[in-house]
Amino acid sequence: MGTVYAKESKVAMETSFFPRPPPDQTPSTNRKPHKRDIDLKTVPVSVHRIHVDGLKRTKNDLVEKDVKSLFDSSNFEDMVRRAHEVKIQMDKLGIFKQVAIAIDTCQGPNTKKDGYEITFEVEESRPVTGGISTLVGTNEGSVLFGIKLSNLLGRAEKVSLQYQHGSTKNAGCNISFQKPLQGNTENMLTVGGFQFHGEYPWSGYKETSQGISTDYTVLSSLGSHIVRLEGVWREVGCLSDRTSLPVRKQAGNSLKSSLKHIFQRETRDNHLLPRNGSLLRLTQELAGLGLGDTKFIKHEVEWQTNRCLFLDMVLELSLAAGYLKSLSQDNSLRINDRLFLGGPLTLRGFNLNGIGPSSDGNTLGGDTYWQAGLHLYTPLPFRPGRGGIGDHFRTHFFLNTGNLVNLQLRNNMQDNYHQLVDGTRLSYGAGIVLRMGGMARLELNYCVPYRAQQGDSINEGLQFGIGLHFL
């Protein structure tokens, strides 16, 4: 095996995937070019040396593990492929501003005729960066101020400090430490602390939460897994003097310690306005791990598939469901843990979280929900702006249905079925969808709530929605 050298950059290297010709073989401008096809798989190679130039704060062992695979190259094409894969892994670390590759013949004693040396010329990112950006939630915008310390200990660690302030009086801050385990970006450990204040006018309460969390993220061939251990101190208060009595009874402090698992498989070609592909997301949460007075188990599933039809039309089918069960002795569930349904990007024609049991205008949530959506997207009539901004707009026809209940499980499956389907909501309509780059999805629809129940918060007619998550 050859040798890996890591050093600070002094001379810029030329980026090339092909060996440089020796000085006496430099092609002359007077010489006629001679075309000859070469099968690079038949060109034998022996990698003698690998240089990584430009490392300053980065530890050598972080890159050595990836570049050593180049010594196993069997031919020239294999060597080029392996070098490109190493570059991709270096880019994923997020600590290099740029990575360039130079492949050259190897000169010197004890070198073979087919010997090569490979140089990776890297430029490290700044150790401290900051900025101001925007975040988009469901019908809410936030300004985000952030500072990031990159490659803090030399092995691709990151420390992030963020503060966000929303347009609906929501605000929060967090600090997190992130590290790829053994330099592998597909296995990420994140530890952090946070504080958040939010207002929830549909239920008439506000909440301030403070907590710590540990996330372990694993990428696999099936999808991504996130395992999260979290401890949160929560304080719930009344939003106004008009808050209903059932919500007032929920006011006070609570401590939640939970273990959550999130699995996601994403094959959509665009996460805001897809044409093909599917999404599967499974979430399980167990609260009450010895600490705290909040105990429950929660399951949620979401599935979406998209298919491009004739005339550039796209058909989309979406399904989602959730179930929440209390594990406490009195079988109680706090309002800030319950499930909610409705909104301009999910069950359209109803206000945000406006479906289900309510009291004096405050929705109380439930423990079981299901919803489904069927959508047809078509190009704008007469295709204005085709090939440009017009491709970000689509005409939208939809049919949404769903239900939210407090399910009383019984041995009779028919009774359980009737609880889920009795009182099903149904809406339909049409409108315009705009994809705002990769930041958010904007919808303006005319909605017809065809079937609703007493106490639902209905939005008949024009309804505006903006956000990332949609059904």
Side-chain angles (χ1 to χ4, degrees), residues 4 6-9 12-13 15 50-70 81-102 118-136 142 144-164 173-194 213-221 223-228 262 264-266 270-272 437-439 468:
V4 178
K7 60 183 181 180
E8 184 173 344
S9 175
M13 303 296 294
T15 303
I50 300 173
H51 301 274
V52 182
D53 295 345
L55 299 184
K56 298 177 181 178
R57 304 185 312 278
T58 306
K59 305 295 184 182
N60 295 347
D61 57 4
L62 183 66
V63 296
E64 283 181 359
K65 177 176 62 69
D66 291 326
V67 302
K68 281 184 177 180
S69 64
L70 287 163
R81 180 184 58 82
R82 289 173 183 262
H84 183 64
E85 290 176 352
V86 171
K87 179 183 183 300
I88 292 175
Q89 292 300 320
M90 288 184 174
D91 288 333
K92 285 182 178 180
L93 291 173
I95 60 175
F96 298 121
K97 191 175 181 180
Q98 65 178 12
V99 180
I101 308 173
I118 303 173
T119 300
F120 291 89
E121 177 71 20
V122 303
E123 181 182 352
E124 293 183 343
S125 302
R126 295 178 180 178
V128 181
T129 57
I132 302 175
S133 58
T134 57
L135 295 176
V136 178
S142 300
L144 180 68
F145 304 88
I147 298 177
K148 182 171 69 175
L149 308 179
S150 179
N151 205 13
L152 190 65
L153 303 177
R155 291 186 173 88
E157 303 89 355
K158 296 182 182 69
V159 174
S160 299
L161 296 92
Q162 295 180 330
Y163 171 79
Q164 72 176 75
C173 61
N174 69 80
I175 179 172
S176 63
F177 173 81
Q178 187 180 70
K179 176 180 174 59
L181 300 181
Q182 298 181 343
N184 185 357
T185 56
E186 295 183 351
N187 295 284
M188 194 73 69
L189 179 67
T190 306
V191 180
F194 60 89
S213 65
T214 300
D215 287 13
Y216 177 54
T217 304
V218 180
L219 299 181
S220 67
S221 58
S224 65
H225 297 265
I226 300 176
V227 179
R228 176 176 302 153
I262 304 170
Q264 179 168 306
R265 179 175 176 83
E266 172 76 90
N270 188 281
H271 68 284
L272 293 176
M439 183 176 63
L468 287 170

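Computation of the quantities below employed the complete heavy-atom set of this structure, encompassing side-chain atoms and omitting hydrogens, waters and symmetry-equivalent molecules.
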Side chains of Arg228 and Ile226 in contact at under 4.5 Å (non-hydrogen atoms): yes
Exceeds 12 heavy-atom contacts within 6.0 angstrom, atom NZ of Lys158: yes
Point-to-point distance, once rounded to the nearest 0.5 Å, from CG of Asp53 to CZ of Phe120: 11.0 Å
Euclidean distance, Met439 CE relative to Leu468 CG, rounded to 0.5 Å: 9.0 Å
Donor-acceptor contact present, side-chain Gln89 to main-chain Asp66, <3.5 Å: no
Considering all heavy atoms, the nearest His271-Gly438 contact: NE2-O, 3.7 Å
Flag side-chain contact, heavy atom, 4.5 Å: Leu62 against Ile95: yes
Lys65 bridged to Asp61 by N-O distance under 4.0 Å: no
Test salt bridge (charged side-chain N to carboxylate O under 4.0 Å, His left out) applied to Glu85 and Arg81, Lys87, Arg82, the passing residue: Arg81
Residues that Arg265 engages under salt bridge (charged side-chain N to carboxylate O under 4.0 Å, His left out), provided they are two or more places apart: none
Non-hydrogen side-chain atoms of Tyr216 and Asn187 separated by less than 4.5 Å: yes
Between CZ on residue Phe177 and CG on residue Leu189, distance to nearest 0.5 Å: 8.0 Å
pair Thr185-Leu219: side-chain heavy atoms closer than 4.5 Å: no
Expected output: side-chain Asn151 to main-chain Ala156 donor-acceptor under 3.5 Å: yes
Minimum heavy-atom distance between Ser160 and Lys148, given as atom pair plus value: OG-CG, 3.9 Å
Enclosure of Lys179 NZ (heavy-atom neighbours >12, cutoff 6.0 Å): yes
Given Ile50, Val67, Val63, Val99, the one that forms side chain to side chain contact (heavy atoms under 4.5 Å, CB included) with Val86: Val67
Spacing of Lys59 atom NZ and Leu153 atom CG [to the nearest 0.5 Å]: 8.5 Å
Arg57 CZ to Glu124 CD distance, which is reported to the nearest 0.5 Å: 5.0 Å
From Ser69 atom OG to Glu64 atom CD, the distance as rounded to the nearest 0.5 Å: 12.5 Å
Distance-minimising heavy-atom pair for Gly94 and Ser125: O-OG, 4.4 Å
